[in-house]
Amino acid sequence: ERNHHQTENSAEPQVPVLIFPKSVDGLRRRKRDWVIPDLTVTENDRGPYPLKVSQIRSNEDKVKKIYYSITGPGATEPPLGLFNMDRDTGVLYVTQPLDRELVAQYKFQAHAVAEGSGNAEEPMDIVVNVIDQNDNKPVFNQDTYVGEVPEASLPGYEVITVVATDADKPNDANSDIRYRIEGQEPQLPTDHLFVINPVSGVIRVHTVGLDREKYPKYTLTVVAADMVGDGLFGKCKVILTVADSNDHAPEFTQRTATVAENKVDAVVVTMLTTDGDEPHSQAWRTKFKIIDGDPDGLFNISTGINKQEGVITTIKGLDFERTTKHTLLIEVENEVPFVIPLPTSTATVVVTVQDVNEPPIFNPSQKSVSKREDLAINTDVVQYTASDPDTARKQEVTYRIISDPAGWLSIGKNSGLITVKSLMDRESHFVKDNKYTALIGAYDNGNSLILVLYVNDNAPVIDDRVIKVCSKEPVPRLLSVTDKDGPGFAAPYSVSLQGMSKTNWTARMNDTKTGIYLNLRTELPDGDYSVVLRVADNQGLEQDNTILAKVCDCKGEDFACRGRAAAATGLPLILGILGGILLLLMLVLLLLLFARRRRGDKKEPLLQDDDIRDNIYYYDEEGGGEDDQDFDLSVLHRGLDNRPGVTRDDVLPNFMPAPQYRPRPANPEEIGNFIDDNLKAADNDPTAPPYDSLLVFDYEGGGSDAGSLSSLNSSSSGDQDYDCLNEWGPRFKKLADMYGGGDDDML
């Protein structure tokens, strides 16, 4: 519910009166449909101030003394003091002009307090809206706009966009802007060359007539006005530069040239052009092309440094004897296409070739000759003549040797026949890498040409001598070829198969003629095969090369031979089995030794506590006593390596040579001979075991039936027959001499 009451004084301006809403049950609840209307104040109001805005009243003022006040922004909060309220009457005042562009709306609260009893009403929200006035003109975001327009632009071409804004209330007539072009300088060829969209501010070309060569720049004055074009307005400048377009074709100024023959990269002529477009622009810079008259590609044309000239040069040397004049058709264009239809400029250039005296020509310029070193003097080596290319001149060609380090050659002055002057020697220090080099000169009336002549005595050699090839789905193997001779006497090479190799193999040169592709023609069993290849250089010097080809059971480029892999894997298996058997035998021997040692430990000790014995002596091979039947006789059979270092003089006379024993051979196949030879040496060696071995005997025990060893007396045993010792071999020869030879030989 809205309550508008007029003040009692009709002379004062009428303002709305706002009454505090009624509450139910005291101050706790208001009517739901009670709406407090917004107040309005026009910005920039001329006053006078303070200016009455509204009046606030409470229904309680009839029975109580009510005091009114306001709080919030614009009153008690910044901006302070814009609004105030009469404490007794509740009249709301604005104290100064408002600016909507600064603050468009104010919100604060009104309060009613009863005298002596606190709040009479709940605080009431008050909203004051500032009414917009058209007090801001449109402003462009740039004071001056700069743009560019091609001179060949057609109507409708978009050039540039200008933008202006208005600070007044949006979506209101005060901020509704319209654009227009107020002026154009110069106003030529017409004053309406450009047009602007009144709403968007887009400037476009309105009509044709732009010409950079006459009017290179235009200045436009653009106006933006609010109130749909009828209100306040602002202005800006738009400066447009007319860009050059390719509307002028370049033109040639020179059409003849002269150049000497045989010159490469020689400048034939520099062709100058002119262009009416803007200098140094793409429409002014030129490019050239030869479109006719050069079928052999003898000439090239390029753009010069200043971009306005075409420089014609020779790619190859011109030949006066072939053609004395060349007529070239040259075309010139700009870097960018023409914007309007224009004829393409062309020029016909006549190039005259000047004749030059040229030296004679050897073909080829280097020649290889293969000759034996033992050629007789005056033997012909080679006849090699030169031709004079100057067919228009009558000149005589003569020859002479320029360089012949060893003095082996001579040449006919008019014939060019090279012969042997002195005996040649291949081992001479003048022969380098099996080549002897000489320089031959050919002369006409004014020039000379040199021929390099040397002996080609190095045939091509295949580097890869051993290769692997898969028998199934073989892949060609590339073999590299080298030749110690210099350029001109090496590659390109040629190859051919020889003998039976033609049946099973194929060979061909690679694309560069420097390598050979070798491959199987038919599937072959695994094994090694010899392939004979005959390789020749470009002079025909050839040589047979034998390649060892290992054919494996594999496919493609997988050169792992399956058969050999299986053998390789079987060898460790066999070695493992043999090692296991050897380990088992060693274990059995250890068990036997352990069992024998345990039996030996059960014997009664030979030495008793009450036994008295002398020191232990070392005797010859006498064995144990009767009570020592379990003595280990293996100690009597020590090896040859355990022979004593000192021999007995009574056993080995000085006149007998010491036996020679062979050392153990490294080759297992010689073991048999080693055993036989050393057995014979041992049989003839008196110092050989068991006689000359140092043996350790254990205690023989007491009460021997044989009695003491000292009782043995060889002199009292004459009834013994020792002749049988002579039949026991060389080992018992000494005993036979001692005991069977009579009393003189006895000990």
Side-chain angles (χ1 to χ4, degrees), residues 1-136 168-169 172 174:
E1 179 181 350
R2 299 184 62 181
N3 297 297
H4 296 275
H5 301 274
Q6 304 299 327
T7 58
E8 296 177 356
N9 190 354
S10 59
E12 295 182 2
Q14 298 180 355
V15 295
V17 178
L18 302 180
I19 300 177
F20 283 92
K22 294 183 178 180
S23 299
V24 181
D25 296 333
L27 301 176
R28 294 176 297 175
R29 181 180 176 191
R30 294 181 178 178
K31 290 184 178 181
R32 295 181 181 177
D33 59 349
W34 197 277
V35 177
I36 306 300
D38 293 347
L39 302 178
T40 59
V41 176
T42 302
E43 70 170 333
N44 303 320
D45 195 303
R46 296 184 179 181
Y49 292 92
L51 180 66
K52 185 185 292 187
V53 178
S54 179
Q55 183 178 14
I56 308 301
R57 290 190 56 190
S58 172
N59 291 327
E60 298 295 327
D61 62 357
K62 298 177 181 179
V63 296
K64 299 179 182 178
K65 177 60 177 176
I66 302 299
Y67 297 103
Y68 301 95
S69 63
I70 57 174
T71 59
T76 59
E77 299 176 12
L80 296 172
L82 286 180
F83 297 91
N84 61 31
M85 181 171 284
D86 187 282
R87 185 170 183 268
D88 296 322
T89 63
V91 176
L92 177 64
Y93 295 95
V94 60
T95 62
Q96 62 188 40
L98 301 180
D99 188 351
R100 192 206 66 85
E101 285 68 46
L102 295 178
V103 180
Q105 187 181 73
Y106 296 89
K107 295 181 179 181
F108 41 80
Q109 289 184 325
H111 304 274
V113 179
E115 184 179 13
S117 61
N119 290 336
E121 303 284 355
E122 285 189 3
M124 179 174 60
D125 294 329
I126 297 177
V127 177
V128 177
N129 294 318
V130 182
I131 299 175
D132 183 45
Q133 297 292 316
N134 189 18
D135 55 348
N136 292 280
D168 288 323
K169 183 178 180 180
D172 190 81
N174 294 338

Could you go through the side chain to side chain contact (heavy atoms under 4.5 Å, CB included) check for N44 and L98 one step at a time?
-> CA-CA 6 Å; N44 303 320; L98 301 180; over 6 Å; no
List the steps and the verdict of side chain to side chain contact (heavy atoms under 4.5 Å, CB included) for V103 and V130.
-> CA-CA 8 Å; V103 180; V130 182; 5.8 Å; no
Test R100 against D135 for side chain to side chain contact (heavy atoms under 4.5 Å, CB included), laying out the working first.
-> CA-CA 10 Å; R100 192 206 66 85; D135 55 348; over 6 Å; no
Carefully, step by step, assess I56 and I126 under the rule side chain to side chain contact (heavy atoms under 4.5 Å, CB included).
-> CA-CA 10 Å; I56 308 301; I126 297 177; 3.7 Å; yes
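Of all heavy-atom pairs between R57 and Y68, the closest is CA-OH, 3.5 Å. Summarising the geometry of K64 relative to A114, their closest heavy-atom pair is CD-CB, 3.8 Å, with the distance given to 0.1 Å. The nearest pair of heavy atoms linking D132 to E101 is OD1-OE2, 3.2 Å. When all heavy atoms are compared, the tightest approach of P79 to Y106 is CG-CE2, 4.2 Å. The shortest heavy-atom contact between V127 and N129 is CG1-OD1, 3.9 Å.
With sequence neighbours left out, the side-chain hydrogen bond (donor to acceptor under 3.5 Å, both in side chains) criterion links Q109 to D125. Take T71 and apply the side-chain hydrogen bond (donor to acceptor under 3.5 Å, both in side chains) test, not counting sequence neighbours, and it matches H111. Considering only residues two or more places apart in sequence or on other chains, N84 meets the side-chain contact (heavy atoms from CB on, under 4.5 Å) condition with Y93, T95.
For the pair S54 (side chain) and P16 (backbone), a donor-acceptor distance under 3.5 Å is present. With hydrogens and angles ignored, the 3.5 Å screen pairs a side-chain donor or acceptor of Q55 with a backbone N or O of T89.
Atom CD of E60 sits about 14.5 Å away from atom CD of E115, to the nearest 0.5 Å. Rounded to the nearest 0.5 Å, atoms CZ (R87) and CD1 (I70) are 14.0 Å apart.
Between Q133 and T42, some side-chain heavy-atom pair lies under the 4.5 Å cut-off. Residues V128 and T40 are not in side-chain contact: their nearest non-hydrogen atoms beyond the backbone lie 4.5 Å or more apart. M85 is not listed as a side-chain neighbour of S69, based on a closest heavy-atom distance of 4.5 Å or more. Contact check for F108 versus L92: side-chain heavy atoms found under the 4.5 Å cut-off.
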